[in-house]
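Here the structure is laid out as structure tokens; the discussion comes afterwards.
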2 protein chains.
Amino acid sequence: MKKELSNALIYPPVLCPLALTLDVIGGKWKPLIVHLVSQGVNRFSLLEKQLPGISRKMLANQLRELERDELLTREIFAEIPPRVEYSLTETGLSLLAAVMPLYEWGVQHLAHKQPRHTAIQL
Amino acid sequence: MKKELSNALIYPPVLCPLALTLDVIGGKWKPLIVHLVSQGVNRFSLLEKQLPGISRKMLANQLRELERDELLTREIFAEIPPRVEYSLTETGLSLLAAVMPLYEWGVQHLAHKQPRHTAIQL
DNA sequence: CGGAATCCCAAGCGATACTG
DNA sequence: CAGTATCGCTTGGGATTCCG
């Protein structure tokens, strides 16, 4: 199956599709956020609880980027106290589907390995 | 001061499998490296060419971590000039399978979106 | 409650030189 | 070729405060 490798790049001058995807959900938190939102963890404070170790600044930043990339939407309720709900867009759902295999891989290997850095509740 | 730590929160009873996976391939480069190695880009200098923007230090570091996590192996040939070949382990192959949907997602969206920041291009 | 704005420090990372 | 070693700057992101 090995391809012939010349001097040329594999994906020149266009990007590797994988790099494009990583451009959107690459990072430590975004896949977790997308997955959590799909599970109904759709508010700022709820996400904060489910992501031990993340700072408010980081969470806000990641949410903004996900919104900018149209993976999720913000719905603001003018109430007291104020409320904001996040939900996945169609694009977000399609990306979630692509992320789920990573979740399944984790399930398969959870029995054999223990996490080193991050322990996150679901 | 009020550095009161809730152990129950930091070490929750159930670990998110997705977090475990991200612990292993989370990051900007690792999915790309795993995919490239599977395509036969199995030497240091070849990988360096295929990853414009990565520094030698970073590439070496990521390779060490992937090796430590037993996703790939190093084979050293005592030749002149020296040669080192990387290849995926069984675990690495299983993870590659879980990463491929992200690749496919990128393919689907390449037509609609253009990359923004971390453009891997030449 | 859900953020935005500031301050600030150390880890992270790039660039370069060097080595087996 | 395939890396290490070293230096120095950048910036990620933690802590805190303030606002609608």
Side-chain angles (χ1 to χ4, degrees), chain A residues 5-7 19 22-23 25-33 36-37 40-68 72-87 116-120, chain B residues 1-6 9-10 19 22-23 25-30 32-33 36-37 40-68 72-87 116-122:
Chain A
L5 296 175
S6 60
N7 308 336
L22 293 176
D23 225 29
I25 43 130
K28 184 176 174 179
W29 302 107
K30 287 181 183 175
L32 292 169
I33 292 173
L36 284 171
V37 170
V41 186
N42 56 354
R43 296 180 59 183
F44 194 92
S45 56
L46 290 179
L47 286 167
E48 202 172 6
K49 283 179 191 170
Q50 298 292 328
L51 297 170
I54 198 172
S55 66
R56 316 182 104 243
K57 182 180 175 180
M58 243 296 119
L59 180 53
N61 181 38
Q62 301 295 288
L63 285 171
R64 254 187 283 115
E65 290 188 14
L66 289 172
E67 185 189 2
R68 182 202 57 189
L72 50 79
T73 57
R74 277 178 88 211
E75 191 175 3
I76 307 174
F77 297 84
E79 305 173 352
I80 295 182
R83 181 163 57 105
V84 173
E85 286 190 2
Y86 296 92
S87 55
R116 258 180 318 281
H117 330 295
T118 324
I120 293 183
Chain B
M1 262 205 301
K2 45 175 182 173
K3 197 83 173 186
E4 184 180 5
L5 296 177
S6 168
L9 251 176
I10 294 180
L22 293 176
D23 228 28
I25 43 134
K28 185 177 175 180
W29 301 108
K30 287 180 183 176
L32 293 170
I33 292 173
L36 284 171
V37 170
V41 187
N42 56 354
R43 297 180 57 183
F44 194 91
S45 56
L46 290 178
L47 286 166
E48 203 172 6
K49 283 180 190 167
Q50 298 289 332
L51 297 169
I54 199 173
S55 67
R56 297 180 151 218
K57 182 180 174 180
M58 247 294 116
L59 179 53
N61 181 37
Q62 301 295 287
L63 286 171
R64 290 294 88 81
E65 289 189 15
L66 288 172
E67 185 189 0
R68 181 201 60 188
L72 50 78
T73 56
R74 275 178 91 214
E75 191 175 2
I76 307 174
F77 297 84
E79 303 173 353
I80 294 182
R83 183 161 57 104
V84 172
E85 287 189 3
Y86 295 93
S87 55
R116 248 180 333 278
H117 25 280
T118 60
I120 296 186
Q121 52 196 358
L122 198 55

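Convention: sequence-line order gives letters A, B, ...; per-chain numbering from 1.
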Provide, to the nearest angstrom, the distance between the [atom1] atom belonging to [X] and the [atom2] atom belonging to [N].
X: I76(B); N: dC1(D); atom1: CD1; atom2: P; answer: 17 Å
X: L66(A); N: dG2(C); atom1: CG; atom2: P; answer: 17 Å
X: L63(A); N: dG3(C); atom1: CG; atom2: C1'; answer: 10 Å
X: E48(B); N: dT4(D); atom1: CD; atom2: P; answer: 13 Å
X: E79(B); N: dG20(C); atom1: CD; atom2: C1'; answer: 15 Å
X: E85(B); N: dA2(D); atom1: CD; atom2: P; answer: 9 Å
X: L51(A); N: dG14(D); atom1: CG; atom2: C1'; answer: 16 Å
X: F77(A); N: dG3(C); atom1: CZ; atom2: C1'; answer: 17 Å

Inset, instruction - Could you tell me whether the side chain of F44(A) reaches within less than 4.5 Å of the side chain of V84(A), counting heavy atoms only? - result: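 Not in contact.
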
What closest approach, in Å, do [X] and [Y] show between heavy atoms, and which atom pair accounts for it?
X: Q50(A); Y: L36(A); value: CB-CD1, 3.8 Å
X: W29(B); Y: M58(B); value: CD1-SD, 4.1 Å
X: L72(A); Y: L63(A); value: CD1-O, 4.1 Å

Legend entry - side chain to side chain donor-acceptor pair (under 3.5 Å) partners for Y86(B), two or more places apart: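 Per chain and number, Y86(B) pairs via side chain to side chain donor-acceptor pair (under 3.5 Å) with R64(B).
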
Inset, instruction - Report the residues that fulfil side chain to side chain donor-acceptor pair (under 3.5 Å) with T73(B), sequence neighbours left out, ordered by chain and then residue number. - result: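 For T73(B), the residues satisfying side chain to side chain donor-acceptor pair (under 3.5 Å) (neighbours in sequence not counted) are S87(B).
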
Inset, instruction - Specify the angle, to 10°, made by the local axes at the two ends of the helix from dC1(C)-dG20(D) to dG20(C)-dC1(D) when five pairs are taken at each end. - result: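 Axis-to-axis angle, ends of the helix: 50°.
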
Inset, instruction - Can you spot which of V41(B), I25(B), L59(B) makes a side chain to side chain contact (heavy atoms under 4.5 Å, CB included) with I33(B)? - result: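 Passing option: L59(B).
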
Legend entry - 5' precedence on DNA chain D between R74(B) and P82(A) (nearest-nucleotide basis):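 Its nearest nucleotide being more 5', the pick is R74(B).
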
Inset, instruction - Select base, sugar-phosphate, or nothing to describe what R43(B) touches, counting heavy atoms under 4.0 Å on all strands. - result: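 The residue R43(B) makes sugar-phosphate contact but no base contact.
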
Legend entry - OP1 or OP2 of dT4(D) under 4.0 Å from side-chain N/O of R64(B):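 Checking R64(B) against dT4(D): at least one side-chain N or O falls below 4.0 Å of OP1 or OP2.
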
Inset, instruction - Check side-chain contact (heavy atoms from CB on, under 4.5 Å) between L22(B) and all other residues, then give those that pass, not counting sequence neighbours. - result: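 For L22(B), the residues satisfying side-chain contact (heavy atoms from CB on, under 4.5 Å) (neighbours in sequence not counted) are P31(A), L32(A), L18(B).
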
Legend entry - Residue pairs involving residues 74-84 of chain A (criterion side-chain hydrogen bond (donor to acceptor under 3.5 Å, both in side chains); sequence neighbours excluded):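 Passing the test, one end in residues 74-84 of chain A: E79(A)-R83(A), R83(A)-E85(A).
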
Inset, instruction - If a protein heavy atom is under 4.0 Å from the base, mark B; if only from the sugar-phosphate, S; if neither, -; do that for nucleotides 9-14 of chain C going 5' to 3'. - result: ----BB

